[in-house]
Colleague: 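This is the structure I have questions about; it appears just below.
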Amino acid sequence: MSFFDAITNNLLGNSAGGSGPSAGTGPSPALRSDLYKAISATETWLSTPGAPGDGLSFRQVFTIIQPHCPNLKAPIPIDEVAVLVGAITNLTFELGKVDGMAGVMVIQAWCESLERAFGKVKANQIGVDEIGSEITRGVNSLSDPGLVTRELAPRVQTVSSLKRVAAFVYGPGSEEARQADAYWSSKMMI
């Protein structure tokens, strides 16, 4: 395990590697509905000025996803956006492994929700750079591309949705958007 993997696993609360749900078990039947609840709660949380990074208000999202990620520990305030975004992204991947098209619908809803929330953050002009960088860090660095379904069509659609995140945070054609595009394109072959 590399140094970076160790840090990522520690941030996501996993001691045995990987991220998201505990290894060896499939997603629970409530995962899909809980993901939609978490997506809605995350959009509200990220859109509320001062809430991301306050160390308390993330718990409304955390309590929804924690049963599906029993090893996930409450993050420190500076990491809470990235850790929760990464965990929810991984849970969408887990759902996609069982039902590819359901996973695609959830990841699309997730990325659209992040885009709406970030649009509100930009309108509020509070924490724009910090929240934007933590959203992209959660999607690009703290999610586990190895969890994405192997089915070709759902995989392509999932990766396509994830490529958009850096583009709406940093702007289409920005260096960060090009790096995210290259990163997710490379993960198509995993």
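Note that the numbering runs from 1 along the sequence shown for the chain. Just so we're clear, the structure is a prediction, and the values are computed from it rather than from any experiment.
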Colleague: Of all heavy-atom pairs between Ile131 and Ile126, which one has the smallest distance, and what is that distance?
Modeller: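 Shortest heavy-atom contact: CD1-O, 4.1 Å.
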Colleague: For the backbone of Ser133 and the side chain of Thr136, can you confirm whether one donor and one acceptor N or O come within less than 3.5 Å of each other?
Modeller: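 Yes; judged by distance alone, with no hydrogens or angles, the pair exists.
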Colleague: Evaluate Glu175 against Gln179 for side-chain hydrogen bond (donor to acceptor under 3.5 Å, both in side chains), listing each step before the verdict.
Modeller: CA-CA 6 Å; Glu175 180 65 25; Gln179 288 175 357; 3.2 Å; yes
Colleague: Between Val61 and Ala38, what is the shortest heavy-atom contact and its length?
Modeller: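 Nearest pair, atom of Val61 first, then Ala38: CG1-O, 4.4 Å.
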Colleague: How long is the gap from CD1 on Ile135 to CZ on Phe168, to the nearest 0.5 Å?
Modeller: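 With rounding to 0.5 Å, CD1 (Ile135) is 6.0 Å from CZ (Phe168).
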Colleague: Of all heavy-atom pairs between Ala74 and Phe62, which one has the smallest distance, and what is that distance?
Modeller: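 So the two residues come closest at N-CZ, 3.6 Å.
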Colleague: Check the side chains of Trp45 and Ser57 for a donor-acceptor pair under 3.5 angstrom, ignoring hydrogens and angles.
Modeller: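 Distance-only check passes for Ser57 and Trp45.
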Colleague: Check the pair Lys163 / Ser185 against side-chain hydrogen bond (donor to acceptor under 3.5 Å, both in side chains), numbers first and verdict last.
Modeller: CA-CA 8 Å; Lys163 287 179 179 183; Ser185 293; 2.8 Å; yes
Colleague: Which word best sums up how the rings of Phe93 and Trp184 line up, parallel for under 30°, tilted for 30 to 60°, or perpendicular for over 60°?
Modeller: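 Phe93 vs Trp184 ring planes: perpendicular.
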Colleague: Using a 3.5 Å distance criterion without hydrogens, assess whether the side chain of Asn90 forms a donor-acceptor pair with backbone atoms of Ser143.
Modeller: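 Side chain of Asn90 to backbone of Ser143, a donor-acceptor pair under 3.5 Å: no, none is there.
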Colleague: Look at the side chain of Thr48 and the backbone N and O of Ala51, then say whether any donor-acceptor pair between them is shorter than 3.5 Å.
Modeller: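 Flag not set: sc Thr48 to bb Ala51 has no pair under 3.5 Å.
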Colleague: Nearest 0.5 Å please: distance from the CD1 atom of Ile78 over to the CD atom of Glu130.
Modeller: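 The distance works out to 9.0 Å.
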Colleague: Taking Glu43 first and then Lys120, would you say they form a salt bridge - that is, a charged N and a carboxylate O separated by under 4.0 Å?
Modeller: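 Between Lys120 and Glu43 there is a salt bridge, with a charged N closer than 4.0 Å to a carboxylate O.
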Colleague: Working to the nearest 0.5 Å, report the span between NZ of Lys37 and CZ of Arg32.
Modeller: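 That separation rounds to 13.5 Å.
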Colleague: Would you call Arg178-Asp181 a salt bridge at under 4.0 Å N-O?
Modeller: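 Looking at Asp181 together with Arg178, the answer is no, because their closest N to O distance does not fall below 4.0 Å.
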Colleague: Do Met105 and Leu152 belong to the same hydrophobic cluster, where Ile, Leu, Val, Met, Phe, Trp and Tyr are linked whenever their side-chain heavy atoms lie under 4.5 Å apart, directly or via other members?
Modeller: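 Yes, Met105 connects to Leu152 through the hydrophobic network.
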Colleague: Looking at Val121 and Val128, what are the two nearest heavy atoms and their distance?
Modeller: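 Minimum heavy-atom contact is O-CG2, 3.6 Å.
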Colleague: With a 4.5 Å cut-off on side-chain heavy atoms, are Lys97 and Leu147 touching?
Modeller: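 Yes. Closest side-chain heavy atoms under 4.5 Å.
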Colleague: Where the side chain of Gln66 meets the backbone of Leu72, is there a donor-acceptor pair that is under 3.5 Å apart?
Modeller: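 Looks like yes, one N/O pair under 3.5 Å.
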Colleague: Measure the spacing between CG of Leu84 and CD1 of Ile65 and express it to the nearest 0.5 Å.
Modeller: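 Going from the CG atom of Leu84 to the CD1 atom of Ile65 covers 5.0 Å.
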Colleague: Sub-3.5 Å donor-acceptor pair from the side chain of Thr63 to the main-chain atoms of Arg59, do we have one?
Modeller: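 Yes, Thr63 side chain to Arg59 backbone: donor-acceptor pair under 3.5 Å.
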Colleague: When hydrophobic residues are tied together by side-chain contacts of less than 4.5 Å, even through go-betweens, does Met101 share a cluster with Val106?
Modeller: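 Shared cluster, no.
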Colleague: Look only at the side chain of Ser174 and the backbone of Gly171, and say whether a donor-acceptor pair between them is shorter than 3.5 Å.
Modeller: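 Present.
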Colleague: Using a 3.5 Å distance criterion without hydrogens, assess whether the side chain of Glu80 forms a donor-acceptor pair with backbone atoms of Gly53.
Modeller: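 Side chain of Glu80 to backbone of Gly53: a pair is present.
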Colleague: Is there a path of hydrophobic side-chain contacts, each under 4.5 Å between heavy atoms, that joins Val104 and Ile39?
Modeller: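 No, Val104 and Ile39 fall in different hydrophobic clusters.
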Colleague: Enter the distance from Ile88:CD1 to Leu142:CG here, rounded to the nearest 0.5 Å.
Modeller: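 Taking CD1 in Ile88 and CG in Leu142, the distance rounds to 12.5 Å.
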Colleague: If you round to the nearest 0.5 Å, how far is CG of Leu46 from CG of Leu114?
Modeller: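 It comes to 7.0 Å.
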